[in-house]
Amino acid sequence: MMNTKKIESKWQKYWEEHQTFVADNKSDKPKYYYLVEFPYPSGAGLHVGHVRSYTALDIMARRKRLLGYNVLFPMGWDAFGAPAEQYAIKNHIHPKEAVKENIKTFKKQIQSLGISFDWSREFSTTDPEYYRWTQWQFLKFFEHGMAYKAKKNINWCPKCKTGLSNEDSSGGVCERCGTEVIQKEKEQWMLRMSDYAEDLIDGLKDTDFQEKIKTAQINWIGKSTGAEIEFPLKEVDEKLVVYTTRPDTLFGVTFMVIAPEHPFIDLYSGLISNMNEIIDYREKANKKTEFQRTQLTKEKTGVKVDGLTAINPVSGKEIPIYISDYVMMSYGTGAIMAVPAHDQRDYDFATKFGIEKVPVIEKITGEAHEEENYKESIVAIVYDKKTQKYLTINWKDKGGRLFTQGTMEDGETSEECARREIEKTTGYTDLKWISNTFPVNHHYYAYNKDKYYEIDCTGVYFELESEKKNPTHLDQEEENCFTVEWVDKKTIEKEIQDELHKTIYEYAILEAPYVGDGKMINSDFLNGFTNKKEAIEKMIDYLEQNKLGTRKTNYRLQDWIFTRQRFWGEPIPLVHCEECGWVPVPEEELPVVLPDVAEYEPTETGESPLANISEWVNTTCPKCGRPAKRETDTMPNWAGSSWYWLRYMDPHNDKEFASQDALKYWGQVDWYNGGMEHATRHLLYARFWNQFLYNIGLVPYKEPFRVRASHGMILGDGGVKMSKSLGNVINPDDMIKLYGADALRVYEMFIGDYEKEATWSEQGLKGCRRFLDRVVKMGERVTNEEGYTPSLERLIHRTIKKVGEDIDALKFNTAVSALMILLNAYEEEEKISPSDYRAFLTLLNPFAPHLTEELNEQYHLGSAICESTWPKYDPEKLVDETKIIAVQVNGKVRATIEVHQEDGEEEIKEKALKEENVQKHINGKEILKTIIVKDKIVNIVVK
RNA sequence: GCGAGUAUGGCGGAAUUGGCAGACGCGCUAGACUUAGAAUCUAGUGUCUUCGACGUGCAGGUUCAAGUCCUGUUACUCGCACCA
């Protein structure tokens, strides 16, 4: 092995001195902008995961440069945030000092990998020259009414003493420290991100993001369409507004549920007779966090609101109102119409509170035909508690196992019908009625009558009280057809095949609502509709015509809570004046710099430590000059990363966040790489921020990123996440020391599919080191022949094509494998030409930049690779003159034959039939067909 | 519950998009070199009992031909979630 350290630092120095990777803001070359998420410079240093994504983008960037592009490939630091602050609190040093140290380590580590970043554009989000413009842009939000202060019940981490966005508190615990999040009311700056919900969905059309990232974003935004419906109250001239996606089920509403915080409670407390009970419930609910509320998925709780009654706007029916914490004030209108027959949550609630369930949709089973005869019928299920068995009729070959069934006669209820049928066929009379199931709309063909039938069928569920029986009224013939059998649950589930009976059984036993589509019933003007969409449309039309409701779209996406009660963040550049209210700090006074303080800990009151620095807090109002106070909250650490790609375009500009020329020249980020964990939060914040800047005319593109790709995680031994506690963290520095940066790079590209997770294996890394050592050895075989060695030429052209295409398609693993194959071929040769070697080194250069430059120089193959061009392939040289293809007989390979380019089908067929082993397998059989796919396969079909 | 994805040797993973499954690498086996080991090099390596058969989570289907297409199903991973 060569002295990797020596040649690596030699070439790293070379690149630095020659400014090889410095991008120019003016160029005749086409531009290309590669961006990889800038890291948070933690004390832990670089991770092998960083190496993976940086190397991948580095490979693409290096190749693009050789292809003649002006490539922007910058790097910087996202250094605000809690860890630096925690570290500072512990060690009593200013976070900016800690950050400085960490950046130094990180940068050294990254540079030792030979990543071709343009370091002339480096900055940190914590640089006042950078956050000056973060503050400036915040003021733009403020000016345009996009920032507002609101008292919000926010997620609060009692340990970090800070407010958390929903994003930072997923799972009900603080993302930083894992403490359980509680609810606390706090005045917060908010950005009107929800205004952009539609644009954020819409804009995805103009991007080339991975599909899974688009779906993640769409899910996060959570668009739903439906209607707001007004339910008049009986006791007072007021309307309770609900949001629903299923207005088609309006006739099935049997109760209303409002959130415990719903304003009607206090507004009409005078009318409510059980206020005490309600207040009690509300207080209990308030103590629960949003997370706890959503965790209690099974057991529903609630209180009926006595004294308030809603009126169904389409049927006029009176409907009771409940409060329950399964309805959230933060979504929709904080009130719902409950349709227990067709919604699981409403079903659970209704079951617990004994509320009626009115079905309005029938499941349709069987297939509908024209000219059907209509009947109403029942299916009766009888359960014997003692034996835990069900009463069935075994029709044997005449229809299999079924429950008792029958057609309803005039004036008969379903229960009467069921009792009559049971007695008739089985004799049992002592039955206790338990329940009627939801009806089913069933279609079938009766062979004995040669007719199609449509039936509406209700299940009737009984329990057997005793064995008491009457004689059955069946003739001999009927009796021979079937036997009455008691069977257990397992047999039922296995043997009852009939769709109707199966459905009825499920309704009776599973006690579940029917949430599928079907035929509308009990719904007045909607009766008979079988298409959900049409029924919804019809209902909304009706509501709008009669002014009872409106079409409405809702989003899950909420406004962005933009303040943190922390020290280590961008100060919010606003001043509060008693007279003028909130006043922006004048532009020329930006940045509002973080002062040096002694203590970084959040205060007991939950305010930022900045609040304790009176000489900083107390200022004068920029508008009227009277004494005023600065905002002491700081920005969340998503702020600095929400526009950093724009700053790279013009990082040293002290007049603007970036010049319009630079913004126009670099335009969109062509390729943005980052982790899947940022697919929703960071990426949405960044897109929202950019869209806003676009709307006010400050950036030329509405969407900031054209392509977004993500890399898979690198896992430790056994496929588990690398973590300090497991002690399985691999330090890239150690690997570089042992095997060299080039080997580490090649290995991380070879490890597997770039987008999927991969398990670390030091053996694999060793294998890649071996590969590079063989590349070095190959130098000894270089002669001074001109051009490519003829026997290698075809493979060289093919490899040029494959490596290029694979890099473009993020298939780095197969690109490396193609290079290994080429090297294997080189090793078959006694000697290779300088062109052979140079081509190989150039193709390998993006993966192993140091070693390839060194060998290129050592063997005097030409100018430095980083200053030359990507090799070209000749399409005509890709094709083999002869090719070996397989000959199959009945789809099984029996021989291989060599075919020429110019061979016709007849010749190929002839060759195939000549093969001994082929003859053996077609011997004595008739050839039905011969399929010849040129260059691929011959298949002879015989019988 | 909803949405997205994955499943191929002992292991990581290939497969020109329907055309010889297992490229490439790791590991393993044998041999060479060596006093010995390491390193390196050479040969072999899907399974089964040989001709041959069987093999891409499972069960069907389409096709001359299926890892690839269709239907169903299982397991795991990720994202969202009393979202009305």
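Just so you know, these numbers come straight off a predicted model, no measurement behind them. Each chain gets a letter, A, B and so on, in the order its sequence line appears, and its residues count up from 1.
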Charged N-O contact under 4.0 Å between [X] and [Y]:
X       : Y       : value
D773(A) : R769(A) : yes
R708(A) : E37(A)  : yes
K811(A) : E805(A) : no

Please state how far atom [atom1] in [X] lies from atom [atom2] in [N], giving the value in whole angstrom units.
X       : N      : atom1 : atom2 : result
M328(A) : C80(B) : CE    : P     : 16 Å
R345(A) : A84(B) : CZ    : C1'   : 5 Å
D346(A) : C82(B) : CG    : P     : 15 Å
R556(A) : A81(B) : CZ    : C1'   : 8 Å
L765(A) : G27(B) : CG    : C1'   : 16 Å
R770(A) : A39(B) : CZ    : P     : 8 Å
Q217(A) : A4(B)  : CD    : C1'   : 14 Å
N219(A) : G5(B)  : CG    : P     : 12 Å

Q: Look at the aromatic rings of H682(A) and W638(A) and report parallel, tilted or perpendicular, splitting at 30° and 60°.
A: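 Rings of H682(A) and W638(A): parallel, as their planes differ by under 30°.
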Q: Determine the interplanar angle of the Y826(A) and F840(A) rings, folded into 0 to 90°, and report it as parallel if under 30°, tilted if 30 to 60°, perpendicular if over 60°.
A: tilted
Side-chain H-bond candidate by donor/acceptor type, [X] with [Y], under 3.5 Å:
X       : Y       : result
T503(A) : Y514(A) : no
T333(A) : E228(A) : no
D195(A) : Y555(A) : no

Q | Below 4.0 Å: OP1/OP2 of C64(B) and any side-chain N or O of K929(A) | A |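 Looking at the OP1 and OP2 atoms of C64(B), one of them is under 4.0 Å from a side-chain N or O of K929(A).
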Q.
Please confirm whether the shortest side-chain N or O distance from Y243(A) to OP1 or OP2 of A84(B) is below 4.0 Å.
A. no
Q | Letter per nucleotide, 5' to 3', of nucleotides 6-22 of chain B [B base touched, S only sugar-phosphate touched, - untouched; heavy atoms, 4.0 Å] | A | ------BSSS---BB--
Q | Residue whose closest nucleotide on RNA chain B lies nearer the 5' end, Y555(A) versus K212(A) | A |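 The residue mapped nearer the 5' terminus is K212(A).
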(Q) Pick the closest RNA chain B nucleotide for T244(A) and for V941(A) by heavy atoms, then say which residue is nearer the 5' end. (A)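 With T244(A) and V941(A) compared, the 5'-side residue is V941(A).
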Integer angstrom distance from the [atom1] of [N] to that of [M]:
N      : M      : atom1 : result
U8(B)  : G67(B) : C1'   : 7 Å
C24(B) : A59(B) : P     : 31 Å
C69(B) : U50(B) : C1'   : 37 Å
U73(B) : A7(B)  : C1'   : 14 Å
G37(B) : G31(B) : P     : 11 Å
U47(B) : U40(B) : P     : 25 Å
G52(B) : G57(B) : C1'   : 27 Å
G9(B)  : C54(B) : C1'   : 14 Å

Base, sugar-phosphate, or nothing for [X], non-hydrogen atoms under 4.0 angstrom?
X       : result
G767(A) : sugar-phosphate
R774(A) : sugar-phosphate
K892(A) : sugar-phosphate
N890(A) : nothing
K214(A) : nothing
T245(A) : sugar-phosphate

Q) What about K300(A), does its side chain sit under 3.5 Å from the base of C82(B) through a donor-acceptor pair? A)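 Looking at the base of C82(B), it does pair with a donor or acceptor on the side chain of K300(A) (distance under 3.5 Å).
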(Q) As a test of the definition: with a 90° window around 0 for syn, would you call U17(B) syn or anti? (A)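 Nucleotide U17(B) adopts syn.
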Q. Where does G10(B) land, syn or anti, once you apply the within-90°-of-0 test for syn?
A. anti
Q. Among F353(A), F349(A), F231(A), which one satisfies ring-ring contact (aromatic ring centres under 6.0 Å, His included) with F255(A)?
A.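 With F255(A) as partner, ring-ring contact (aromatic ring centres under 6.0 Å, His included) holds for just one option, F349(A).
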Q. Roughly how far apart are F771(A) CZ and N824(A) CG, rounded to 0.5 Å?
A.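 Reported to 0.5 Å precision, the distance equals 8.5 Å.
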Q.
Please give the stem ranges for RNA chain B, sorted by first residue number, where a stem is three or more consecutive Watson-Crick or G-U pairs and both donor-acceptor distances are under 3.5 Å.
A. B:1-7 with B:74-80, B:10-12 with B:24-26, B:27-32 with B:40-45, B:46-48 with B:52-54, B:57-61 with B:69-73
Q | Considering all heavy atoms, the nearest L204(A)-T207(A) contact | A |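 Closest approach of L204(A) to T207(A), heavy atoms only: O-OG1, 2.8 Å.
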Q: Show your reasoning for whether side-chain contact (heavy atoms from CB on, under 4.5 Å) applies to R781(A) and E829(A).
A: CA-CA 9 Å; R781(A) 300 194 197 185; E829(A) 305 287 327; 5.6 Å; no
